[in-house]
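First comes the structure, then the notes that go with it.
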Amino acid sequence: MNAFLDFLGNISWWMWIIIALILVAIRDVFFQRRHTISHNFPIVGHFRYMLEKIGPELRQYLVANNREELPFNRIERSWIYASAKKQNNYEGFGTDRDIYAHQHIFINNAMMPFKIPENHPHTIDPTFLPCAKVMGLYNNRRKPYRPASVINVSAMSFGSLSAKAVESMNKGVKMADAYHNTGEGGLSPYHSHGGDVVFHFGTGYFGVRSDDGTFSMEKLIALVEKNPFVKAIEIKLSQGAKPGKGGVLPGAKITQEISDIRHVPLGKDVLSPPTHSAFSNVPEMMVFIEQIAEATGLPVGIKAAIGKLEQWEELADIMVKTGKGPDFITVDGGEGGTGAAPPSFADHVSLPWVFGFSDLYKVFKNRNLTERIVFVGSGKLGFPAKAAMAFAMGADCINVAREAMMSIGCIQAQVCHTNRCPAGVATQNKWLQSGIDPTLKSERLAQYFKTFRKEFIEITHAAGYEHPCQFKMSDVAVNVDDQTLTKELDRTYMYNKTVVPFKSVQDLKDCQYLGGFKA
């Protein structure tokens, strides 16, 4: 035995490496049959799998140019990071974007920009930019709500995002006077740090769910009464990442905390079906909306990705006939989002935001309904120029999800669905979450929102307007064919948005519903 140990001790380190490689080669050739490459090319084949695994990182940091990546390129990410950290987010020596490229946006500036008068709200706070419309005012809801910010946090659930990420966002929207959409995972303690909240639920009715999985009005009423920071309610019909598809929350991922928040059984798989059980058609949905609004007093809206228009036309016709309807509509783009989905859904189901929104807006405009509704845009709109385009098309607010994630540290690793998010944003792993400091990250989200609003206001003034709601379709043009053909939005999408009633920013500041109804 001692002789054997002496023999092992005399083997040099490089011989151990050779022995290990021989053992790997034997395993590859004689014992494993799952991977053809490593069987046919033992040892060397493993390098192929290693490079494949780190390929996204290599392309992101070493190969792709500044404007090449999707869903967000390096320039876009850098602008969000710099804005969130209050660093220099300018670029020098002119743009490096191909301004002749298809769908490039041009904002028509005025010969004489808007001049800010003395004592204007923008001289006091250059980031003050509330929504020009009031949610629930037309339908005489008991608690109308004017969002105090035109940019807000979109629907992202606790469970999909980590506790510290949700806490950071809620504290951040409080500092930025914005609102925080809960996503369909229910209202968690991490949504309860002072920011305005839009409570969102989908087909699983998480947080307002009966034992049999159906909707519970009693639980919704109790939730609203217990949490006065809930300012509006959003019913999800579909989302850009996977419209018309349900999902399964595996029992292994349901902790006691998630069980309590979502009102689901511990340790059992929970089905989120593709359709609602509370209604099955448009008239029933209208009744459902009115019941919730009457019971809670809050504005009630719907969220959807856009495809076929027949049922939207039915909804609009009922609104004309009854004088009732949703207080706001959130239009999600098929660009996808934070929800994990099969590529067939993420890539091909539902329209991109500009196409979906323009189709939908015309449905309501043709029936003179647009003034009743607050239109919320959601789909890679978290940049001032894109927001200007959205407002020119008829949007009144925008919601941002991935942009908000990046402001608190997301690096676009694109592993949200694996629970291995290296930034701790989209994971329930305690170690990975520990790198998030909610005090610091909340300030960064707030600063991103404030920088966004400041630059958006500056673009608005450059176009000759006081508020973005005044943008017209003819104020923004896009390349729609090649370098020789550019069209304004009204000629591109064949409509003109309805003029939004607007007196002044001071009038918005003085509104009794700013930030929610105050008894």
Side-chain angles (χ1 to χ4, degrees), residues 99 103-116 120-122 126-135 146-152 328-331 333 352-362 364-365 369-400 449 451-480 486-509:
I99 64 174
Q103 287 292 312
H104 186 76
I105 299 169
F106 299 94
I107 299 168
N108 296 325
N109 59 296
M111 181 180 181
M112 301 292 178
F114 175 80
K115 184 176 181 180
I116 304 175
H120 188 277
H122 290 161
T127 71
F128 178 71
L129 193 57
C131 179
K133 289 181 182 175
V134 180
M135 293 179 176
R146 184 192 297 276
S149 172
V150 298
I151 180 172
N152 303 281
F328 63 97
I329 297 176
T330 302
V331 178
W353 189 86
V354 289
F355 303 145
F357 183 85
S358 59
D359 284 353
L360 184 74
Y361 189 88
K362 283 185 280 190
F364 293 97
K365 183 182 185 301
L369 295 171
T370 52
E371 291 187 17
R372 298 188 192 182
I373 304 165
V374 175
F375 289 97
V376 183
S378 175
K380 291 182 67 176
L381 299 175
F383 304 91
K386 287 187 176 180
M389 176 194 69
F391 273 68
M393 294 176 68
D396 301 296
C397 281
I398 65 167
N399 286 351
V400 295
F449 276 14
T451 302
F452 172 95
R453 294 195 305 241
K454 178 177 179 293
E455 293 194 12
F456 194 16
I457 289 169
E458 291 170 347
I459 287 177
T460 302
H461 292 173
Y465 299 125
E466 184 181 5
H467 190 280
C469 73
Q470 297 173 282
F471 272 112
K472 300 190 293 289
M473 299 283 279
S474 56
D475 291 318
V476 180
V478 292
N479 285 334
V480 294
T486 298
K487 284 185 180 181
E488 286 76 21
L489 293 175
D490 54 342
R491 294 195 295 136
T492 302
Y493 298 108
M494 303 303 293
Y495 73 96
N496 281 292
K497 81 167 211 182
T498 306
V499 175
V500 177
F502 172 74
K503 293 181 181 178
S504 67
V505 171
Q506 185 64 53
D507 182 63
L508 303 182
K509 186 176 182 180

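Predicted model, so just to flag it, every value in this text is computed and none were measured.
For the pair Lys362 (side chain) and Tyr493 (backbone), a donor-acceptor distance under 3.5 Å is present.
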Step-by-step ring-ring contact (aromatic ring centres under 6.0 Å, His included) determination, Phe375 to Tyr361: CA-CA 9 Å; Phe375 289 97; Tyr361 189 88; 5.1 Å; yes
Could you go step by step and tell me if Val505 and His120 meet the side chain to side chain contact (heavy atoms under 4.5 Å, CB included) rule? CA-CA 8 Å; Val505 171; His120 188 277; 3.9 Å; yes
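Closest non-hydrogen pair, Leu129 versus Pro468, comes out as CD1-CD, 3.6 Å. Of all the heavy atoms in Ala132 and Val500, the pair that sits closest is CB-CG1, 4.0 Å. Closest heavy-atom contact between Ile459 and Pro384: CD1-CB, 3.7 Å. The two residues Ser358 and Met393 come nearest to each other via the heavy atoms CB-CE, 3.8 Å. Counting all heavy atoms, side chain and backbone alike, Glu488 lies closest to Met473 at CB-O, 4.1 Å. Nearest approach of Ser149 to Cys397, heavy atoms of both residues: O-SG, 4.0 Å.
Not counting sequence neighbours, the partners of Phe391 by the ring-ring contact (aromatic ring centres under 6.0 Å, His included) test are Phe456. Looking at residues two or more places apart in sequence or on another chain, you find a side chain to side chain contact (heavy atoms under 4.5 Å, CB included) between Lys386 and Glu76, Ile105, Lys380, Leu381, Phe383. Every residue two or more places apart in sequence or in another chain was checked for a side chain to side chain donor-acceptor pair (under 3.5 Å) with Asn152, and none qualifies. With sequence neighbours excluded, no residue forms a ring-ring contact (aromatic ring centres under 6.0 Å, His included) with Phe355. Residues that satisfy the side chain to side chain donor-acceptor pair (under 3.5 Å) test with Gln470, not counting sequence neighbours, are absent from this structure. Applying the side chain to side chain donor-acceptor pair (under 3.5 Å) rule to Ser474 yields no partners; only residues at least two apart in sequence or on another chain are considered. Residues passing the ring-ring contact (aromatic ring centres under 6.0 Å, His included) test with His461, sequence neighbours excluded: Phe114, His122. Asn109 meets the side chain to side chain contact (heavy atoms under 4.5 Å, CB included) test with no other residue; sequence neighbours excluded. Scanning for side chain to side chain donor-acceptor pair (under 3.5 Å) contacts around Tyr495 gives an empty result, with sequence neighbours left out. Remark: Ser504 engages Glu466, Gln506, Asp507 in a side chain to side chain contact (heavy atoms under 4.5 Å, CB included) (not counting sequence neighbours).
For the side-chain hydrogen bond (donor to acceptor under 3.5 Å, both in side chains) condition, the pairs that include at least one residue of residues 387-397, sequence neighbours left out, are Lys133-Asp396. Within the structure, the salt bridge (Lys or Arg N to Asp or Glu O under 4.0 Å) test picks out the following pairs touching residues 453-462 (sequence neighbours left out): Lys454-Glu458.
Summarising the geometry, atom CD1 belonging to Ile329 is positioned 9.0 Å from atom CZ belonging to Phe357; distances are rounded to the nearest 0.5 Å. Residue Asp475 holds its CG atom at 9.5 Å from CG of Asp490, rounded to the nearest 0.5 Å. Here the CG atom belonging to Leu508 is positioned 10.5 Å from the NZ atom belonging to Lys503, to the nearest 0.5 angstrom. For the atom pair Asn108 CG and Lys472 NZ, the distance stands at 10.0 Å (nearest 0.5 Å).
Considering only heavy atoms from C-beta on, Phe106 stays 4.5 Å or farther from Val476 through its side chain. You'll find the side chain of Glu371 reaches within 4.5 Å of the side chain of Thr498, heavy atoms only. Counting only heavy atoms from C-beta outward, the side chains of Ile398 and Val150 never approach each other to under 4.5 Å. The closest side-chain heavy-atom distance from Ile107 to Phe471 is below 4.5 Å. In this structure, His467 and Ile457 have side chains that are not in contact, with every pair of non-hydrogen atoms separated by 4.5 Å or more.
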